Every structure is written in structure tokens, then in C-alpha cells.
Colleague: 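For reference, the structure I am asking about is given below.
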Amino acid sequence: MTAIFDIPIQALMAQLMLGLVNGSFYAVLSLGLAVIFGMLNIINFAHGALYMMGAFLAWMGLEYLGIGYWPSLLLAPLAVGLFGILIERSMLQWLYKLDHLYGLLLTFGLALVIEGFFTNSYGVSGQPYSIPAELTGGFNLGFMFLPYYRGWVILASLLVCFATWFGIEKTRLGAYLRAATENPQLTQAFGINVPLMVMLTYGFGAALAGFAGALAAPVIQVSPLMGSHLIITVFAVVVIGGMGSILGSIVTGLGLGVIEGLTNLLYPAASNTVVFVIMAIVLMVRPAGLFGKEK
Amino acid sequence: MRCKLLNVAVAALLIPVASFASAEAKTAAMKLSDNTVKIGVLTDMSGVYSDLGGQGAVTAVQMAIDDFKAQYKPKFNIEMVYADHQNKADVGSNKVREWYDTEGVDMVTDVLNSGVALAVAKVTQEKKRVVMFVGSASTRLTDQDCTPNTVHYAYDTYSLANVAGKAIVKNGGDTWFFLTSDYAFGHSLEKDTSEVVKANGGKVLGSVRHPLNASDFSSYLLQAQASRAKIIGLANAGGDTINAIKAASEFGITKNQQLAGLLMFITDIHALGLPTTQGMLLTAGFYWDRDDETRKFSKRYFDKTKRNPTMVQAGDYSAVTTYLKAVQAAGTDDAAAVMAKMKETPINDFFAKNGKIRADGRMIHDMYLVQVKKPSESKYPWDYYIIKSVVPGDEAFQPLSVSQCPLVKK
């Protein structure tokens, strides 16, 4: 067997693959955060809670209404998106003119309330959600057994990431959106409904979180704490990628997933700190993040 | 002006005298400080272990207090306070220090999380109060880190290893790889289990340590798979164990290797469901459906919480009752006197039969080797375990002859 630094090449390949799977979740989550920050200047600390809601809604749909995985993958993000719109209309919209800190505090508080509600109702041990029948089993890749579902996670995330990037950077609607954030007054003067754009953007960011949640439901236990365990890492991803950079969050999300996977193999004790070490180094060298623009 | 100064001077002189006098009066006239016994429940209220203790622990302690008041009509008041230690040793020990210093707490219980427990044991010894660990697992609490103020109640890592670990090795699971939670508890459980495995002729092929609340276990599991060990020992608890088991079945690891959940609670089984957990051998200090007494308690508990009690929650009830009985019998809440009383009185209730608290603070009671039922064998809600054997306390727990606790006279 070939080996690099005493590590069998097969183990290395397997960890890279798993890193890509985890990176896909980071990418979709940090993408939502980046969209919201880039367009609205809101540091959305409720993102983890929205992700958890997505997973819980998928579970509730199956448990109470008999809605299967595939419809849930569409319905759960939709519901979370609507919930996001509700938050934006009722609370967030009053905070745009204030310092970032207010948005952060409000969303942080919201996250605690949402998580508290679910913890109180369901407990932290969580609920099991099975992998859809079509995707049970897996490929034998030679170096590892890759469950079909994990493969699907990579595929679905990449599709969603690409669609979001395309929508914002390449379409007319995206152009309006970017204009609305660049110069709201002028954009409004051209007859574009800026508050509506902003509302839809927050809703879309929330829906991305909900989508990641529904996608994660079959692989990790659906628990009220699943979001808070992940959110700090995802924030680090966004900071490394450059706050508000769409491409940055996608690339960094996948990249950091892979680096974390390698750390799991080489020095597991550091696996939950490696992201922050990288963040510190990146901030020292490029304070605006890898893909961020210095203002 | 001079008069004022003089007054101040006199007052300053009198303060120590007065406080000395009041201290004298306290010990002479009042055996119980402010006639109140105050119990602090320190637990994980919202984190990864909160289903094991948490709000359920608070409920169980409140039940114990209410039952004690109704049955024994004590002349003293009993109060309860509770706090969330957030699984942080500094948060937990600061809270307990505050309880002892300013709130007159006499006894602290539950204390899920061994990292927090080790810190709380030190504070308790320094402040001369009593701590009864129920949720925490590390054997260190009554071994090298034992104190005269510590009781360790429901279970510990030694007994977990010695009951289920031994049974698994004897059933042919003789090569092991550990997935270990990277803090005091996981280390302790891995060490104790490794020793049992080796003592029974097995081999430990390796281990990997993961952070508490690791979100993804697949990469650790692949390392376990590559070791080709027959048994993958999960030296972790709560949500970590649940996610590890879930990922193992997804990656098809359970086809060729067997998982051993070294510390699993009934709430974990409830959360994972029987199809994923059937056949697993576990150690339990308590099972709700064991006899009429346990069923009676569990029914009352279930009516309040909509869940059956874990061994931690049932143990909290029993520990608090044991403590209150000792306070009443000793007529004081002085820690040394209550500890002496508890150590000389056998414990008999739904939780323990002829339980005894040893010199090192370890509460010795029967432990159970249980096997998770197949879905077809489960007849009603929470019908999860078959009790395979009852292991007498003296066999289940670490014998005093190998104890490193200085309180043990050899």
C-alpha cells in the first residue's frame, strides 16, 4: 500500500471525500450568511437556528403529516424562508440604519429563543430521520464506502451554490439586488421596490439555511443544538472567505471542510480549532478575507 | 468629631468580638445553619447532556424533597436551587462557590460532566460541604481525586467497563478500537475499559479522540473501520454517542464490526430507536421497568415530565433522599457529621437495595447488564431492555484494595 507520511493513501482519499461532504454543508450555510451580510449588512446569528428549523420541519412533516424526504427538501426551506420574511418585516427592517451590533444582538437573541423553544418541546437527544429509500446503500470507491446519500449531499449543495451565484452575479434580478445594496436611494429612484428586494433577500438567505437543515436531517440527529454546534465554524468560514463574498464563501466552505477532514486524520484533537487558526492567519495577512474587497 | 472617631474605634474593636460570639452561639444553639437545608442541583440545563439530567434532574430532586417532607415531617426547611454549568468547569465551580459562600447551600448534586465534577469536588472540600455526584462518570472522583466530602452515586467509568465491557469481551469481542470524547470523562472511560479488555485476554488496537459535540463522526469511524477491530468502543455520551451510532450504520460499518456504547442512557435508546440499537449490551445503574417499586416511581416521574427517568435522574432522587435522612438522623447539616451518618447507614429504596457508601465515597449497589430489545420484542412505550444479569455492587465497582484514595486505610 502506498503511503504519505505513514498514512495510507486510501485513508487520505477517504478523509478528503468526507471533508468535501462536510464542506458542502459549510458552503450552503455560509452562502446564506454571505448573501444576507453582503446585501443587508446584517450579521445573522439566527442562521444556525434557521438551519435547525429546516431539519426539524422536515422531521415534523414526516412525523405528523407523512410528507416524505423529497417534498420536504422543497417545503422545509420554503417554510423557513417565510419565517425569515416574517422576522425581517417585523423586526430586522428597523435596524438597517443602525450599527451592525444591533442586528447581531437581535438575531442572537432570536436564535436563543428558537432553540429554547425546540429544546423545551423535544429535548436535546433529538429525533431520528431516516435516509430516503432511494438513497440507502452506497458506492464502493475502492478506497472507501461512500453512502449514496453523502454523494447526493455534495451534488445538491454544489447545484444550489452555483444557482445562487449565477442568480446574483449574472441575472437582471441579481443586478437590481446588487444595485439596491450599493445605492438604495438611486435604485429606488429608478422605480425598483428596494424594501421588497431586501425582504426577499433575507427570506432567501433563511431558505438556504433551511435547505441545509433538511439536507442534514438524515445524516445527523435532528436536535435543537445542531445549529449552535455548527454556526461558529460557519462564521469563521464567512470571515475567511471575506464577509459578503458569494464566491468566497462557497470556495472557503468546501476548502475548510477538506482541511478539517485532514486534521481529523493527522491530529484529531485540533479538528475543532484548525478553522480558527486559519482564520487568525488569514486575518493577519488579508484583513478583508481571501475574497473580500478592502473598503 | 472626637466623639465620632472614638465611636468608630470602639465599633471596630467590637466587630471581631461580636462575630466570635455569634459563631459560638451558632454551634451551641443551632445544629442546622439557619434551620434550612439547601440543596443545589448543578446540571447541564440546555446542552448536549441536558436530557440525561437537566430539567428532569430538577424535577426528580423536587420530588425527593416533597416526598421527604410528607413522609418524615422534618423540623427544618428544605429548599432547592439549580443552575446550568454549560459543561464548563469554571462556570460550574464558580457557581458552586457562590452557592456555598452567599446562599448557604449545604449539598450539591447531579453535576453531569466529569470535567465540571472534578472542579466542584475541590471547591466542596475547601468549603466543607457535601457533594453527591450522580451524573458524572469518572472513577477519579473516588479514586485519586477523592475527598472526605464526596459521594459518587449512580455509576462510574470503572463499573461501565467492568459490566458491559467484560461481557462483550467474553462474548468474543476481543479486539477494540476506541472513539473517545476528549476530556476527563472520555479518558477515564477509555482507560478503565482498556484495562478490562486486557485483563480478559482482549487487545486494544488504537483510539481516536474527538472534541465534545463533534458534529460529524464519519471521519473518526473510518479510522475505526481501518483498524479492523471487532468492537468499536464509544467512550462518549449523549448526543455524541447518538451521532456516532447513526453515522456507523450509514457507512455500513455495523455489518462487520460491532459498536459498544459504553455509556448509554435510556433517552439515547429512545432517540435512536430500537432498529438501530437492537442487541447492544449496556451497563445500567437503574432501569425503570425492573420491579414494582421502580415502575411506581417512574410512573410518577413520567406524569410530570413525559419521559421515563434515566439512571441519573432516578439517582438524583435517591441521593437527595439519602442525604436528607442522614441530616435528620444526625440532627445537623455539618458536612462531617452527615457524611459519617451516610457512610454508616445502608441505603434501601427503589434505586438501591442494601446500598452502602464506602470510605472513598463510592456508593456500592447492584449494576445491571442489559441488552437492547429487538423492535418485535418491545411491547409498550419505553420497553427497551432485557436485564441479562445483575452484577452485585462489590463486583461491579473498583475494589478498595487497588484504590489510590488516601481516605482508604489499607
Side-chain angles (χ1 to χ4, degrees), chain A residues 7-8 10-11 14-19 21-22 25 112 115-116 119-120 122-131 135-138 140 143-150 216 218-230 233 257 260-265 267-273, chain B residues 44-52 54-56 179-180 182-183 207-223 225-227 238-247 249-253 255-256 265-277 305-307 310:
Chain A
I7 293 162
Q10 288 181 323
Q15 295 297 343
L16 286 175
M17 201 68 205
L18 289 175
V21 177
N22 288 335
F25 285 116
L112 293 181
E115 274 169 13
T119 309
N120 209 26
Y122 295 99
V124 293
S125 299
Q127 311 292 342
Y129 191 94
S130 338
I131 292 174
L135 293 177
T136 44
N140 193 347
F143 55 89
M144 73 178 292
F145 174 85
L146 180 71
Y148 291 136
Y149 192 81
R150 304 256 171 171
V219 287
I220 58 175
Q221 188 81 351
V222 178
S223 141
L225 299 177
M226 61 193 280
S228 55
H229 291 163
L230 209 60
T233 314
E260 218 181 47
L262 290 180
T263 320
N264 276 335
L265 185 67
Y267 187 58
S271 62
N272 60 340
T273 41
Chain B
D44 176 0
M45 291 299 289
S46 55
V48 64
Y49 296 150
S50 57
D51 278 357
L52 318 178
Q55 188 58 46
L179 246 68
T180 305
D182 196 6
Y183 75 103
S207 75
V208 56
R209 290 184 170 176
H210 67 78
L212 181 64
N213 294 336
S215 50
D216 179 62
F217 280 86
S218 44
S219 50
Y220 308 117
L221 283 164
L222 285 198
Q223 297 178 47
Q225 190 178 31
S227 75
D240 284 343
T241 309
I242 291 177
N243 275 324
I245 293 176
K246 221 178 138 138
S249 76
E250 189 193 348
F251 278 83
I253 288 172
K255 279 183 208 135
N256 305 316
F265 295 88
I266 193 150
T267 43
D268 300 329
I269 307 296
H270 187 68
L272 280 162
L274 296 182
T276 333
T277 52
T305 59
K306 303 294 160 228
R307 282 158 173 265
T310 61

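Chain letters run A, B, ... following the sequence lines, proteins first and then strands; every chain starts at 1. Every heavy atom of this structure was used, including side-chain atoms; hydrogens, water molecules and symmetry mates were not. For clarity, every value in this text was computed on a predicted model and none was experimentally measured.
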Colleague: Tell me, for A:I220 versus chain B, whether the close heavy atoms (under 4.5 Å) come from the side chain, the backbone, both or neither.
Modeller: both
Colleague: Please classify the contact between B:N213 and chain A as side chain, backbone, both or neither, with a heavy-atom cut-off of under 4.5 Å.
Modeller: both
Colleague: If we count only N and O atoms by modelled type, under 3.5 Å, do the side chains of B:T267 and B:D51 hold a donor and an acceptor together?
Modeller: no
Colleague: Examine whether an atom of A:Q15 lies under 4.5 Å from a heavy atom of chain B, and if so say whether it belongs to the side chain, the backbone or both; otherwise answer neither.
Modeller: side chain
Colleague: What part of A:P218 gets closer than 4.5 Å to chain B, counting heavy atoms only: side chain, backbone, both or neither?
Modeller: backbone
Colleague: For B:T310 and B:L52, indicate whether the former's side chain and the latter's backbone hold a donor-acceptor pair under 3.5 Å.
Modeller: yes
Colleague: Answer whether the closest heavy-atom distance between the side chains of B:Q223 and A:L265 falls below 4.5 Å.
Modeller: yes
Colleague: Name the region of A:A269, side chain, backbone, both or neither, that has any atom closer than 4.5 Å to a heavy atom of chain B.
Modeller: both
Colleague: Is B:K255 close enough and on-axis enough to A:F145, meaning under 6.0 Å and within 45°, for cation-pi?
Modeller: yes
Colleague: Given heavy-atom pairs under 4.5 angstrom as the criterion, report whether the side chain, backbone, both or neither of A:M144 touches chain B.
Modeller: side chain
Colleague: Which atoms of B:S46 come close to chain A, meaning under 4.5 Å heavy atom to heavy atom: side chain ones, backbone ones, both, or neither?
Modeller: backbone
Colleague: Taking atom types as modelled, find out whether B:Y220 and B:T180 have a side-chain donor-acceptor pair closer than 3.5 angstrom.
Modeller: no
Colleague: Sort out for me which of B:G54, B:G47, B:A226 touches chain A most, counting heavy-atom pairs under 4.5 Å.
Modeller: B:G47
Colleague: Counting only heavy atoms closer than 4.5 Å, note whether A:S125 contacts chain B via side chain, backbone, both or neither.
Modeller: both
Colleague: In sequence, state the C-alpha distance, the side-chain angles, and the governing distance for A:Y149 and A:V21, and then conclude on side chain to side chain contact (heavy atoms under 4.5 Å, CB included).
Modeller: CA-CA 10 Å; A:Y149 192 81; A:V21 177; over 6 Å; no
Colleague: For A:Y122, is it the side chain, the backbone, both, or neither that has a heavy atom closer than 4.5 Å to a heavy atom of chain B?
Modeller: backbone
Colleague: In terms of heavy-atom pairs under 4.5 Å, which option from A:N120, A:N22, A:T119, A:L146 contacts chain B the most?
Modeller: A:N22
Colleague: Do the non-hydrogen side-chain atoms of A:S228 and A:E115 ever get within less than 4.5 Å of each other?
Modeller: yes
Colleague: Using side-chain heavy atoms (C-beta onward) and a distance below 4.5 Å, is B:S50 in contact with B:M45?
Modeller: no
